[in-house]
A.B. asks: 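First, the structure itself, so that you have it in front of you.
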Amino acid sequence: MAGTAIASAVTDESTKVTGKKVKVLTADGKLIEVDSSLVDHHASNDKFTKEEIRQGVEGKKFIRVIDLAKCANERKCIEGCQKAHNYLAPVEYIKVKKMQNSPLESPYWFPTMCYHCDNPPCTKVCPVDATFKRSDGIVAMDYDRCIGCKFCMAACPYSARTFNFGRPEQLKFTEEHGNDTSDPNHCTTPYAQEGTVAKCDFCTDRSSKGLLPACVVECPNGAILHGDELEDVVTNGEDTFRLKKLLQDRGAYRQFEELGTQPRVYYLPPVARNFPFEDATEVHNTKE
């Protein structure tokens, strides 16, 4: 991910050129392409201890921006998220809702998810510290601690959490595909155990390695941008922006700002849309 990788200043003689180009952001703000062999990431290890998972990635503050002008409700972000985490419909970490601000205005599509709030009400009500705030901005879950009390679900004003009721088809699927890493966007963060709460986790392991979350990769319109607030950069894999300038220039806002939850997901208003609004032809998520 541009802006999260660090290009080596001196090449090692043992380093082999791969021929694969990756984009990196230089210290003076220029986006350049270098061979992947020259890029090293501080969190390249696939295995993390529970202590490391709870602490977060040092020196990072993950953040997300959603461009509502580019969302067409194609649901690829939802499908990619489900596949990456090995869970089945109708469970959705991301929900795309039809919104209309007034009868005189055109409707638009509005993706919602866990907002990884800096002042999260969910962590305050959890009696066993199963949901917690990491130093890198991610609000994470410890499924081994979760007792399924659902206090966090009640406290979340965004309805961002889901509960694993132990549907037989999901249990069978998890047993058969729980270790399936064939999907290039696979997340090692498992789907919630039966009787526990789950939610969007910003693809924690992928973010920690400088990779884009599955939903960002799968969105065909580049509507979801992910990045690091401390590096002041977000990207959808194709386009890269200075975070602060993008938010200021496009009049960004956060959902339910007045609640004081301080979400880490910003929205860009649906102006100058890439395409006209088209209503959904199929009803989704009727059971959850």
Side-chain angles (χ1 to χ4, degrees), residues 1-6 22-25 31 39-46 48 50-67 77 80-81 84-85 93-94 111-123 131-142 156 158 160-161 185-189 198-219 222-247 252-255 257 261-268:
M1 184 172 69
T4 60
I6 302 174
V22 295
K23 294 179 180 180
V24 296
L25 195 68
L31 193 64
V39 176
D40 186 25
H41 196 274
H42 68 282
S44 58
N45 185 14
D46 289 334
F48 299 95
K50 282 195 173 183
E51 290 74 18
E52 289 173 329
I53 291 175
R54 295 185 74 91
Q55 291 171 0
V57 181
E58 184 178 356
K60 294 294 179 184
K61 281 286 187 181
F62 297 112
I63 199 162
R64 183 166 291 182
V65 179
I66 299 177
D67 189 345
C77 58
C81 179
H85 291 90
Y93 290 172
I94 304 172
T112 68
M113 62 204 69
C114 174
Y115 292 115
H116 298 273
C117 306
D118 283 338
N119 184 29
C122 57
T123 63
T131 182
F132 53 93
K133 181 73 175 178
R134 294 169 25 136
S135 63
D136 54 15
I138 292 176
V139 175
M141 285 290 304
D142 186 336
C156 177
Y158 304 106
R161 294 172 175 248
N185 299 323
H186 175 77
C187 295
T188 58
T189 307
K199 66 177 188 64
C200 159
D201 59 358
F202 268 10
C203 284
T204 306
D205 62 318
R206 292 180 59 83
S207 292
S208 67
K209 291 182 287 187
L211 301 174
L212 290 172
C215 59
V216 180
V217 175
E218 294 296 337
C219 178
I224 307 175
L225 300 113
H226 190 80
D228 182 3
E229 181 181 6
L230 299 182
E231 290 188 352
D232 192 32
V233 63
V234 288
T235 181
N236 57 19
E238 294 291 333
D239 302 310
T240 302
F241 302 91
R242 284 295 183 188
L243 172 65
K244 187 178 296 185
K245 187 176 190 304
L246 178 66
L247 299 183
Y253 67 94
R254 299 185 290 187
Q255 191 180 20
E257 183 84 47
T261 54
Q262 301 175 32
R264 299 198 63 74
V265 176
Y266 286 83
Y267 289 94
L268 304 181

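Heavy-atom basis, side chains included; hydrogens, waters and symmetry copies ignored. FYI, the numbering just counts along the sequence from 1.
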A.B. asks: Going by heavy atoms in the side chains, are Arg134 and His116 under 4.5 Å from each other?
C.D. replies: no
A.B. asks: Enter the distance from Tyr93:OH to Met113:CE here, rounded to the nearest 0.5 Å.
C.D. replies: 13.5 Å
A.B. asks: Rounded to the nearest 0.5 Å, how far does OG of Ser135 lie from CZ of Arg54?
C.D. replies: 12.5 Å
A.B. asks: Not counting sequence neighbours, which residues clear side-chain hydrogen bond (donor to acceptor under 3.5 Å, both in side chains) with Arg206? List them please.
C.D. replies: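 If we apply the side-chain hydrogen bond (donor to acceptor under 3.5 Å, both in side chains) test to Arg206, skipping adjacent residues, there are no hits.
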A.B. asks: So how far is it from Lys199 NZ to Cys156 SG, rounded to the nearest 0.5 Å?
C.D. replies: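 Between atom NZ of Lys199 and atom SG of Cys156 there are 9.0 Å.
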A.B. asks: For a 4.5 angstrom cut-off between non-hydrogen side-chain atoms, does Met141 reach Asp201?
C.D. replies: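 Counting from C-beta outward, Met141 and Asp201 never come under 4.5 Å.
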A.B. asks: Is any side-chain heavy atom of Ile224 closer than 4.5 Å to a side-chain heavy atom of Pro111?
C.D. replies: no
A.B. asks: Considering all heavy atoms of both residues, which atom of Ala84 and which atom of Ala214 are nearest to each other, and what is their separation?
C.D. replies: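 What the structure gives for the nearest pair is CB-CB, 3.6 Å.
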A.B. asks: Quick one, Gln255 and Pro263 - any side-chain contact, counting heavy atoms below 4.5 Å?
C.D. replies: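 The answer is no; the side chains never approach within 4.5 Å.
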A.B. asks: Taking side-chain hydrogen bond (donor to acceptor under 3.5 Å, both in side chains) as the test, write out the residues that go with Glu229, two or more places apart.
C.D. replies: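 Applying side-chain hydrogen bond (donor to acceptor under 3.5 Å, both in side chains) to Glu229 gives Arg264.
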A.B. asks: Can you see which heavy atom on Cys122 is nearest to which on Val139, and at what distance?
C.D. replies: SG-CG1, 4.0 Å
A.B. asks: Report the residues that fulfil side-chain hydrogen bond (donor to acceptor under 3.5 Å, both in side chains) with Thr261, sequence neighbours left out, ordered by chain and then residue number.
C.D. replies: Tyr158
A.B. asks: In chain order, what residues pass the side chain to side chain contact (heavy atoms under 4.5 Å, CB included) check against Cys219, with sequence neighbours excluded?
C.D. replies: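 Applying side chain to side chain contact (heavy atoms under 4.5 Å, CB included) to Cys219 gives Asn221, Ala223.
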A.B. asks: Give, for atom CZ of Arg242 and atom CG of Asp232, the distance between the pair rounded to the nearest 0.5 Å.
C.D. replies: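 Between atom CZ of Arg242 and atom CG of Asp232 there are 5.5 Å.
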A.B. asks: I'd like to check Cys215 versus Arg64 (side-chain heavy atoms, cut-off strictly below 4.5 Å). Are they in contact?
C.D. replies: yes
A.B. asks: For the atom pair CG (Asp239) and CG (Leu246), what is the distance rounded to the nearest 0.5 Å?
C.D. replies: 10.5 Å
A.B. asks: For Lys133, enumerate each residue passing the side-chain hydrogen bond (donor to acceptor under 3.5 Å, both in side chains) test, keeping only those at least two apart in sequence or located in another chain.
C.D. replies: Asp118
A.B. asks: Considering only heavy atoms from C-beta outward, does the side chain of Cys81 approach that of Glu218 to under 4.5 Å?
C.D. replies: no
A.B. asks: Provide the closest heavy-atom pair for Ile63 versus Val234 in the form atom of the first, atom of the second, distance.
C.D. replies: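 What the structure gives for the nearest pair is CG2-CG1, 3.9 Å.
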A.B. asks: Residues in ring pair (Phe, Tyr, Trp, His ring centres under 6.0 Å) with Tyr267, at least two apart?
C.D. replies: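 Tyr267 satisfies ring pair (Phe, Tyr, Trp, His ring centres under 6.0 Å) with Phe110, Tyr253 once adjacent residues are dropped.
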A.B. asks: Could you measure the distance from the CG atom of Leu243 to the CG atom of Leu225? Nearest 0.5 Å is fine.
C.D. replies: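 Leu243 atom CG to Leu225 atom CG measures 9.5 Å (nearest 0.5 Å).
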A.B. asks: What I'd like to find out is whether the side chain of Asp136 reaches to under 4.5 Å of the side chain of Lys61, using heavy atoms alone.
C.D. replies: no
